[in-house]
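These notes concern the structure reproduced below.
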Amino acid sequence: METKMIVAQIFGILGMAANILSYQCRHRKGVLRCQFFGSVLFAINMYLLGAMMGCMLNAIGIFRTVTYSHVKKPSHIRLANGLFLALYVLAYVSDFTWIGLEPTTRNLILEALPLVAMFAITFACSRSAKVIRRTVFISSPLWLVYDAIGLSLGGVICEAISIVSAVIGTVRYDIRKESETTAENHDEIAA
């Protein structure tokens, strides 16, 4: 295995660790902080693998996580959502124009997978940690296919484990909390 590929896989594995850790964070800010580092590391991973769409989307993801860590007003969130969605579409178009990827049916579909995943994640990032965890069930399968075809070992493992981690986080913070709230409400009604 050549050095560039080894280095790419190391960045992918580090990005994987950051993203997986994010789903175990209780609060939105912690989730976003970990995803910031995951985006940085995966942007480098994808660049080294020559997966430019993945690189561009993760680079935009860096700014997305910073933005959503600070933006609170609904009007600003809507504006940010629109900006990031436009940047994702621009990245998709750039992949076939500026970068020069041949626009075959296969490439058009393959490059759209992470695009759709980023659309879902973008809407989730402006919401609660619960919504972010649940969005993994949409975004991770799309990234998983893209990573597998692009040979990102860290990406493939990340998405597979992210799904499991999101399930665990959902049970720990969402379902268990809902069960406790329901039980408390039942006890109050019974009293």
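Remember, it's a predicted structure, so these values are computed and weren't measured experimentally.
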>> side chain to side chain donor-acceptor pair (under 3.5 Å), that's the test. Do S152 and N45 meet it? Break it down for me.
In response: CA-CA 8 Å; S152 174; N45 167 256; 2.9 Å; yes
> Yes or no on side-chain contact (heavy atoms from CB on, under 4.5 Å) for Y47 and F11, after CA distance, side-chain angles and deciding distance?
Replying inline: CA-CA 10 Å; Y47 176 79; F11 276 104; over 6 Å; no
> Please walk me through it: do F42 and F37 pass side-chain contact (heavy atoms from CB on, under 4.5 Å)?
Replying inline: CA-CA 9 Å; F42 273 121; F37 290 110; over 6 Å; no
> Step by step, would you call T104 with L108 a side-chain contact (heavy atoms from CB on, under 4.5 Å)?
Replying inline: CA-CA 6 Å; T104 63; L108 290 166; over 6 Å; no
>> Y92 vs Y88, test: side-chain contact (heavy atoms from CB on, under 4.5 Å). Steps then yes/no.
In response: CA-CA 6 Å; Y92 183 78; Y88 298 144; over 6 Å; no
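Side-chain atoms of L142 and E159, non-hydrogen and from C-beta on, never get closer than 4.5 Å to each other. Contact annotation: the side chain of L79 never approaches that of L83 to less than 4.5 Å [non-hydrogen atoms, C-beta and beyond]. For the pair F119/L115, a side-chain contact is recorded, criterion being any heavy-atom separation below 4.5 Å from C-beta on.
Using a 4.5 Å cut-off between side-chain heavy atoms of Ile, Leu, Val, Met, Phe, Trp and Tyr, with links allowed through other members, L57 and M46 fall into the same hydrophobic cluster. I13 and I20 fall within a single hydrophobic cluster, where Ile, Leu, Val, Met, Phe, Trp and Tyr side chains are chained together by heavy-atom contacts under 4.5 Å. Cluster membership check: L87 shares its hydrophobic cluster with M53, using side-chain heavy-atom separations under 4.5 Å among Ile, Leu, Val, Met, Phe, Trp and Tyr. Residues V145 and M16 do not share a hydrophobic cluster, clusters being chains of Ile/Leu/Val/Met/Phe/Trp/Tyr side chains in contact below 4.5 Å. Residues F123 and L113 share a single hydrophobic cluster, defined by chaining ILVMFWY side chains whose heavy atoms lie under 4.5 Å apart.
None of V136, V156, I121 except one satisfies the side chain to side chain contact (heavy atoms under 4.5 Å, CB included) rule with W143; the exception is I121.
Within a 6.0 Å sphere centred on NZ of K73, heavy atoms belonging to other residues, nucleotides or ligands number 12 at most. Atom CZ of F96 is surrounded by more than 12 heavy atoms from other residues, nucleotides or ligands within 6.0 Å.
Under a 3.5 Å cut-off, the side chain of S140 and the backbone N or O of F137 do not form any donor-acceptor pair. The main-chain N or O of E102 is found under 3.5 Å from a side-chain atom of N107 such that the two form a donor-acceptor pair. Of the possible donor and acceptor atoms, one in the side chain of K29 sits under 3.5 Å from a partner among the backbone N and O of S69. Proximity of a side-chain donor or acceptor of Q35 to a complementary backbone N or O of N19 within less than 3.5 Å is not detected. With hydrogens and angles ignored, the 3.5 Å screen pairs no side-chain donor or acceptor of S165 with any backbone N or O of S162. A donor-acceptor pair is defined here as one N or O able to donate and one able to accept, closer than 3.5 Å; no such pair exists between the side chain of E111 and the backbone of M52. The main-chain N or O of A91 is never found under 3.5 Å from a side-chain atom of D95 such that the two would form a donor-acceptor pair.
To the nearest 0.5 Å, atoms CE (M118) and CG (N58) are separated by 5.5 Å.
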